[in-house]
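Read through the structure below, which is laid out as structure tokens, and then see the notes.
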Amino acid sequence: MPLSTEAVGKRYDPLVYAVGREKIREYALAVGETEPLHLDVAAARRAGYADVVAPPMFAVVYSGPAMGPALFDPEVGLDFSLMVHGGQEFKWGPLVVAGDEISTTVSVVSIEERAGKGFYVFESASTNQDGDTVAVGTWTNIVRGI
Amino acid sequence: MQAGDALPELRTTPDRYLTVRYAGASGDFNPIHIDEEFAKQVGLPGRILHGLWTMAQVARAQTQAGGGPHALKRLRVQFRGMGLPEQELTVTGVVHEVRDGVAVVHTVAEQGGTQIIRNAEAEIELPA
């Protein structure tokens with residue numbers, strides 16, 4: 001079945017995520033962080049931050065929900081039963097801290113067939129309440145046996 | 001940090017229930033990570049690690065080497081094979097080049113002799 005590339009360029013409505021102190025701590029502990037900036041409010045404030053600092057990979061928490069509508073879009077047509085997460089990239093701007101509100105917009109970058117596999121590439125662009133770009137993610141999903 | 005320098009190695013062993021805690025922390029409840037029976041039904045050896053948890057270990061190796069979370073400006077990885085709970089994971093990296101105050105690091109995550117993250121590249125901002 002040929003891949004449909006109709007969704008390439010499509011952009012989804014932004015989704016706002018409110019960053020919570022305990023969510024940062026829960027995430028930091030789950031990934032084994034020992035850095036006090038992520039766990040200890042007093043340490044974060046001593047270092048000049050308003051609250052605990054999100055680890056860079058916390059980007060998956062605030063940008064992940066915005067990926068949903070794109071991944072489940074029938075026009076994109078991802079077959080989840082044959083899908084693997086092939087690659088991931090993040091570029092980071094200013095650090096995110098508890099209390100920030102992060103708005104993420106997702107778009108479809110490309111849909112291509114290579115060697116019998118479908119490569120679906122999405123971009124998530126996340127900005128904070130001041131308009132700074134805090135993270136840009138490139139998500140590559142591979143569907144086997146198309 | 002100079003070209004050719006090795007990053008301090010990061011070693012960690014995800015415990016039996018790590019994937020459950022990470023599912024809750026990240027919001028990724030795909031049953032291949034948390035349900036042993038389901039994972040086996042779809043042909044996996046058992047529950048597998050979240051690729052993005054493993055990527056977070058690669059990120060930790062960079063931020064520890066760079067002196068904090070502010071230092072990591074970019075990380076790109078490819079996921080290969082699958083990570084398993086209760087097996088030690090090792091993250092290694094070598095500085096490929098330094099330009100304009102940024103170290104470009106080539107880094108991998110390995111478990112049981114298999115690279116589960118490969119061809120990864122990080123950019124670490126160096127102190128001025």
Side-chain angles (χ1 to χ4, degrees), chain A residues 17 20 22-38 43-44 47-49 52-68 71 80-97 134-142 144, chain B residues 10-15 17-30 32-33 42-44 48-64 66-82 89 91 117-125:
Chain A
Y17 181 95
E22 299 305 337
K23 191 67 192 177
I24 287 180
R25 288 158 48 90
E26 179 192 5
Y27 176 86
L29 292 169
V31 298
E33 269 297 350
T34 53
E35 166 61 57
L37 290 177
H38 306 311
Y49 299 103
V52 292
V53 174
M57 282 299 292
F58 187 81
V60 303
V61 178
Y62 59 69
S63 62
M67 288 295 297
L71 294 174
F80 281 88
S81 64
L82 298 172
M83 190 187 88
V84 293
H85 193 176
Q88 182 70 45
E89 178 177 47
F90 281 108
K91 294 177 191 167
W92 288 279
L95 288 172
V96 167
V97 301
V134 292
V136 175
T138 303
W139 311 61
T140 302
N141 292 301
I142 302 173
R144 296 165 286 157
Chain B
L10 183 147
R11 289 174 178 271
T12 183
T13 303
D15 68 47
Y17 301 111
L18 178 276
T19 58
V20 178
R21 292 197 305 282
Y22 183 80
S26 69
D28 181 350
F29 289 96
N30 187 327
I32 61 173
H33 304 301
V42 298
L44 297 168
I48 62 170
L49 301 179
H50 295 77
L52 291 171
W53 178 86
T54 308
M55 184 177 178
Q57 305 313 308
V58 176
R60 283 209 300 134
Q62 318 305 314
T63 54
Q64 286 179 7
H70 64 278
L72 182 57
K73 305 315 285 183
R74 185 174 74 86
L75 178 61
R76 186 198 70 215
V77 307
Q78 289 180 4
F79 301 110
R80 287 292 179 276
M82 51 202 134
L89 179 87
V91 180
I117 283 182
R118 66 169 71 161
N119 294 334
E121 187 172 277
E123 288 182 14
I124 300 176
E125 197 171 69

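Every chain is numbered from 1, with letters handed out A, B, ... down the list of sequences.
To the nearest 0.5 angstrom, B:E123 atom CD is 10.5 Å from A:W92 atom CH2. Between A:E26 atom CD and B:R21 atom CZ the span is 10.5 Å, to the nearest 0.5 Å.
Counting heavy atoms from C-beta on, the side chains of A:M57 and B:W53 never come closer than 4.5 Å. Proximity of A:P56 to B:T63: side-chain heavy atoms (C-beta onward) are separated by under 4.5 Å at one or more points. Counting heavy atoms from C-beta on, the side chains of B:R76 and A:T138 never come closer than 4.5 Å. Counting heavy atoms from C-beta on, the side chains of A:E89 and B:L75 never come closer than 4.5 Å. The closest side-chain heavy-atom distance from B:F79 to A:Q88 is below 4.5 Å.
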* Worked verdict on B:R60 versus A:E33 for side-chain contact (heavy atoms from CB on, under 4.5 Å) -> CA-CA 7 Å; B:R60 283 209 300 134; A:E33 269 297 350; 3.3 Å; yes
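Around CZ of A:F80, the count of heavy atoms belonging to other residues, nucleotides or ligands within 6.0 Å exceeds 12. Crowding of A:K91 atom NZ: a count of heavy atoms from other residues, nucleotides or ligands under 6.0 Å not exceeding 12.
The greatest number of non-hydrogen atom pairs below 4.5 Å with chain A, out of B:G51, B:G24, B:G27, is found for B:G24. Between chain B and the residues A:I142, A:V61, A:L95, the most heavy-atom pairs under 4.5 angstrom are made by A:L95.
For chain A, the nearby parts of B:Q78 are the backbone and the side chain; heavy atoms of each come within less than 4.5 Å. Residue contact with chain B, scored on non-hydrogen atoms closer than 4.5 Å, involves the side chain of A:V53 exclusively. Only the side chain of B:L18 comes within less than 4.5 Å of a heavy atom of chain A; its backbone N, CA, C and O stay farther away.
Between B:P69 and A:E35, the shortest heavy-atom distance links the atoms CD-CG, 4.4 Å.
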